[in-house]
Number of protein chains: 2
Amino acid sequence: MANLHPHNHDHCIRTAIQRAQTVCEQQGVRLTPVRRRVLELVWQNHKPTGAYELLPQLAADGFNSAPPTVYRALDFLLEIGLIHRISSLNAFIGCDHPGGQHPTGFFICTDCGNAAELPAARLQAFSAELEQVMGVQVASSSYELTGLCGVCRLKP
Amino acid sequence: MANLHPHNHDHCIRTAIQRAQTVCEQQGVRLTPVRRRVLELVWQNHKPTGAYELLPQLAADGFNSAPPTVYRALDFLLEIGLIHRISSLNAFIGCDHPGGQHPTGFFICTDCGNAAELPAARLQAFSAELEQVMGVQVASSSYELTGLCGVCRLKP
DNA sequence: GAGAATTAGGTTATAATGTTGCAATTCTAC
DNA sequence: GTAGAATTGCAACATTATAACCTAATTCTC
């Protein structure tokens, strides 16, 4: 729930970038300037962010800013698990704990707009339970919840 | 898993429409010709169906077929829980067990394209578990899984 | 049953989101 | 340093969804 509460924002971004670099080195892929900048922007917004919101932000930095540029960067980041896509919002958000492939899951507060990643272990367990019960073989999954977060539910 | 296996298709559609009529009467809303036809088409396709796929199908029946017509009908059907929206596919599919509001959840086979609704009770339980653990209040939820269904995973 | 209020549908245009195809450039490995 | 691969630039286009405004149908109230 860390990201539903106030916190040191710059720190978030910096560590996210550092982790990204590590992951990219490990996987032998390139964190190019556009890709890095897109990742920074996604973390900077710190809320689910649409691809088209990133375009002007990229342009402001002197980067090329046509849709394919952003989508290619986002696809790359999705691919190696540095961000997630929240399809009910057509939006993207930084991954809390990149490194391995894990199921996507978010709670999205309808009041403040923040999104908190769901505990991967529980998602994994539930997915396994469903595989069992339904006799299927799960390849990917995404769970999206909306409602009021711990902070907003206590507001007047 | 009923709808991942061969079955009497016309029967599906007929019962879906009958249930829809009941639900609409109960809720005091109108199942107008366009709405009914859209629901029939969604069931007829029997796979997640995009709004724009419905347009020519509606046109063939002599109905008006502009995007707003279809979206209005789909919104109505969503509202009263007769269909679900699968946002990772931008598609719609008939609800197995309409009547009450319940969490949306589907397993989508990447091979045959069929979608099976997840057991609502388990979704409900998992959602409650997450509410507890995360201290949030859930208003809606949608779980979308992909992979191989029981039939397709046994194919060569 | 007349008239007001509500709900539903028709029509046109446009917004928002995402993709394709190809040429130019940059990087990597040898 | 050169061939091949990966990345980016660019222009056009495809898909999905909504806004705005008006007309028609239905329901409600008296």
Side-chain angles (χ1 to χ4, degrees), chain A residues 20-21 24-39 41-42 45 47-80 82-93 113 142 144, chain B residues 20-21 23-39 41-42 45 47-80 82-93 142 144:
Chain A
Q21 267 164 342
C24 285
E25 278 168 25
Q26 281 170 354
Q27 302 199 14
V29 294
R30 284 154 59 197
L31 189 62
T32 63
V34 201
R35 290 169 176 176
R36 168 196 294 251
R37 189 69 187 122
V38 167
L39 182 59
L41 290 171
V42 166
N45 293 338
K47 291 189 180 184
T49 303
Y52 277 71
E53 284 179 66
L54 298 172
L55 289 179
Q57 300 185 293
L58 270 183
D61 296 333
F63 284 94
N64 176 45
S65 74
T69 299
V70 171
Y71 279 104
R72 283 193 284 231
L74 291 170
D75 286 346
F76 169 84
L77 297 169
L78 281 172
E79 188 84 22
I80 58 177
L82 291 171
I83 61 174
H84 292 288
R85 180 183 152 85
I86 301 182
S87 52
S88 61
L89 301 176
N90 294 328
F92 302 84
I93 190 165
S142 170
E144 298 174 15
Chain B
Q21 267 164 343
V23 170
C24 287
E25 278 168 24
Q26 282 171 353
Q27 304 201 12
V29 294
R30 285 152 57 196
L31 189 62
T32 62
V34 200
R35 291 168 175 177
R36 168 197 293 251
R37 189 67 188 123
V38 166
L39 182 60
L41 289 172
V42 166
N45 294 336
K47 292 191 180 183
T49 303
Y52 277 71
E53 284 178 65
L54 297 172
L55 289 178
Q57 301 185 292
L58 270 182
D61 294 335
F63 283 94
N64 175 44
S65 73
T69 300
V70 171
Y71 280 103
R72 283 194 283 234
L74 290 170
D75 286 347
F76 169 84
L77 297 169
L78 281 172
E79 189 84 21
I80 58 177
L82 292 172
I83 62 174
H84 292 287
R85 181 183 150 85
I86 301 182
S87 51
S88 60
L89 300 177
N90 294 326
F92 302 85
I93 191 165
S142 171
E144 300 175 14

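Chain letters run A, B, ... following the sequence lines, proteins first and then strands; every chain starts at 1.
Chain B approaches DNA chain C within less than 4.0 angstrom (heavy atoms of the protein), and the contacting nucleotides run 5' to 3' from C:dA8 to C:dT12.
Dashed line: the shortest gap from a side-chain N or O of A:Asn64 to OP1 or OP2 of D:dG9 is under 4.0 Å.
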If you restrict it to nitrogen or oxygen atoms, what contacts under 3.5 Å exist between nucleotides 24-28 of chain D and the protein, and what is each distance?
none

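Side-chain atoms of B:Arg85 never come within 3.5 Å of backbone atoms of B:Leu78 as a donor-acceptor pair (strictly under, hydrogens ignored). Between the side chain of B:Glu144 and the backbone N or O of B:Ser88 there is at least one donor-acceptor pair closer than 3.5 Å. Listed for the B:Thr69 side chain is no donor-acceptor partner under 3.5 Å among the backbone atoms of B:Pro67.
Taken from CG in A:Leu89 to OG1 in A:Thr49, the straight-line distance is 10.0 Å, to the nearest 0.5 Å. Rounding to the nearest 0.5 Å places CZ of A:Phe63 at 13.5 Å from CG of A:Leu55. Rounded to the nearest 0.5 angstrom, B:Leu82 CG and B:Phe92 CZ are separated by 13.5 Å.
Counting to the nearest Å, the P atom of D:dT16 and the CG atom of B:Leu54 are 11 Å from each other. When the P atom of D:dA17 is taken as reference, atom CG of B:Leu55 falls 11 Å away, rounded to whole Å. Put simply, CG on A:Leu77 is 14 Å from C1' on D:dT7, counting in whole angstrom units. As rounded to whole Å, 6 Å separates atom C1' of D:dA17 from atom OH of B:Tyr52.
Using a 4.5 Å cut-off on side-chain heavy atoms (C-beta onward), A:Arg36 and A:Gln21 make contact. Looking at heavy atoms from C-beta onward, A:Val29 lies in side-chain contact with A:Phe76 at the 4.5 angstrom threshold.
For the pair A:Arg85 and B:Arg35, nearest-nucleotide mapping onto DNA chain C gives the more 5' position to B:Arg35. Heavy-atom nearest nucleotides on DNA chain D were determined for A:Phe63 and for A:Asn90, and the one closer to the 5' end corresponds to A:Phe63.
Taken residue by residue, residues 65-76 of chain A places heavy atoms nearer than 4.0 Å to DNA chain C at A:Pro67, A:Pro68, A:Tyr71, A:Arg72.
Shown here is B:Glu79, whose CD atom has no more than 12 heavy atoms of other residues, nucleotides or ligands within 6.0 Å.
In this structure, B:Leu58 and B:Arg37 approach most closely via the heavy-atom pair CD2-CG, 3.7 Å. Nearest heavy atoms, A:Ala59 versus A:Ser65: CB-OG, 3.5 Å.
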